[in-house]
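What follows is a short report on a single structure.
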2 protein chains.
Amino acid sequence: MREGPDIARIASLIGDPARANMLNALMGGTALTASELALEAGVSLPTASSHLSKLMEGGLLTLASQGRHRYYGLASAQVASMIEAIIGVAEAVGPRRARPGPRDAAMRVARVCYDHLAGEQAVAMLDRLFDRKLLLREDNEIRLSSSGAAHFSALGIETHAKARRPVCRACLDWSVRRSHLAGMLGAAILDKIIAEKWARREKDSRAVVFSPRGRQEFERVFLS
Amino acid sequence: MREGPDIARIASLIGDPARANMLNALMGGTALTASELALEAGVSLPTASSHLSKLMEGGLLTLASQGRHRYYGLASAQVASMIEAIIGVAEAVGPRRARPGPRDAAMRVARVCYDHLAGEQAVAMLDRLFDRKLLLREDNEIRLSSSGAAHFSALGIETHAKARRPVCRACLDWSVRRSHLAGMLGAAILDKIIAEKWARREKDSRAVVFSPRGRQEFERVFLS
DNA sequence: CGCATAGTTCGATCTTTATCGAAGCATTCC
DNA sequence: GGAATGCTTCGATAAAGATCGAACTATGCG
């Protein structure tokens, strides 16, 4: 009977199917309203509302009110990466999903992880950015080199640190089991990919699907 | 209502206080019997037994029968690192523990993480091993250099890969928020620290407490 | 074999909590 | 102002599951 941090509290919050579905949906990175989350979780609005207040109280969510809309989002990247870790275990021990299915394959290639790109594409990108010395591994962190700063700035990606959010961060990829790029820069790159219409978000999924031309452009800019 | 891996199943397993306590105890790395875990969780033997079979069915534990003893342990390093991630969130959002307390401080300095050393000491050690080029960062993995192989071998630490377990692996430290060394080598180093009596495991805790002389030795060998 | 220790299974009880309909607030639109 | 939309609170119901005592199985010891 040891004390220690209350992991049961956190885990039981995630342990309800409705709440797990909501969190899963929020892993897409976009904040959602209570009604959207109710739909996502397959429960009525009152039920969803009750779940949301529990998640809020548990510190897993943040809330942004805009007019009569209330947008719920994951509280932090740390929460997101905890959820990724749980997904990893669930994938590993889970009842071997009958057929991997096309959506699942798409997820492995490229998907949204909270606010940045994950999957094979993202892991390959980080590797290339290191090779080209646009990013530097330092200690156990990732740092932007001066050539990297110039490079991203030329692409119209702002890399000045604001607030306390780190510019670069490594995030473990559950499908590849290697790191991909998170942090402000990771988020900015995903923004660019979507803004340039190189890829679109699959509806109701975290999968990111590149268009043929978009993939070419992405490879030219980030994988060359 | 999306499908996807069943994270609720995994999380709800951890979400029960009794099971969470058991898992927490197993994070110490040593396999424990059902009675020990019952004590640890503060429940009766039948209750513990029921929890254990659920954890087994969920794939979070492994079981080794030896005579009339049945030793339960965490199923994998992946499971351990998921639990660490949950601990991290619980620490971050949890009801600010009134006073950090001495045990808590000791945990931050050095503790057992499944089968290797974690905490400030462990993070510092990994940094030094990189500085001395005994370990090399490669891609996103850690590799043993040839001088490193010689070094550890001279210390009586075997570094030949056996089975499929990687020799070196990075593991994110929840207290320091940087990586420390896991994998076969990480485990072997912890073994040596205990075997040489440089430090002892705190009773009923994951904390690892160095003796004055032990700390000196450890610093000489791994932090110099 | 008989006894002791380790562990599981069974059955009954009891608490927790997920759920939704109805009603209540709050904000915006007209 | 009044109607509509988005969301929360309340109250009652129902289901899930945690708990333990007692009985049962298995292993070891003399």
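As a basis for the values below, the full set of heavy atoms in this structure was taken, side chains included, without hydrogen atoms, waters or symmetry mates. In what follows, every chain begins at residue 1, and chains take the letters A, B, ... in the order their sequences are listed. Keep in mind it's a predicted model, so treat the numbers as computed, not measured.
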Tell me: [atom1] of [X] to [atom2] of [N], nearest whole Å?
X: B/Leu37; N: C/dA6; atom1: CG; atom2: C1'; result: 13 Å
X: A/Leu63; N: D/dT8; atom1: CG; atom2: C1'; result: 12 Å
X: B/Leu61; N: C/dG7; atom1: CG; atom2: P; result: 14 Å

Test of understanding: with ring-ring contact (aromatic ring centres under 6.0 Å, His included), list the residues that count as partners of A/Tyr72, not counting sequence neighbours.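 By the ring-ring contact (aromatic ring centres under 6.0 Å, His included) rule, A/Tyr72 matches no residue at all.
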Taking ring-ring contact (aromatic ring centres under 6.0 Å, His included) as the definition, give me every residue that meets it alongside B/Phe152, ordered by chain and number, with sequence neighbours left out.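 None.
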Could you run down nucleotides 9-22 of chain C 5' to 3' and tag each one B, S or - for protein heavy-atom contact under 4.0 Å? B--------SSBBB
In a table with atom names and distances, give each donor-acceptor pair under 3.5 Å that connects a side chain of residues 181-192 of chain B to protein atoms at least two apart or in another chain.
residue, atom, partner, partner atom, Å
B/Lys192, NZ, B/Leu155, O, 3.0
B/Lys192, NZ, B/Glu196, OE2, 2.9

OP1 or OP2 of [N] sitting under 4.0 Å from any side-chain N/O of [X]?
X: A/Arg70; N: D/dT8; value: yes
X: B/Tyr71; N: C/dG7; value: no
X: B/Tyr72; N: C/dA6; value: no

For B/Ser35, all residues meeting side chain to side chain donor-acceptor pair (under 3.5 Å), sequence neighbours excluded: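 Side chain to side chain donor-acceptor pair (under 3.5 Å) check on B/Ser35 returns nothing, list empty.
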Between B/Glu84 and B/Arg206, does at least one N-O distance fall below 4.0 Å, as a salt bridge requires?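 Salt bridge: yes.
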Salt bridge (Lys or Arg N to Asp or Glu O under 4.0 Å) partners of B/Glu36, counting only residues at least two apart: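 B/Glu36: no salt bridge (Lys or Arg N to Asp or Glu O under 4.0 Å) contacts found.
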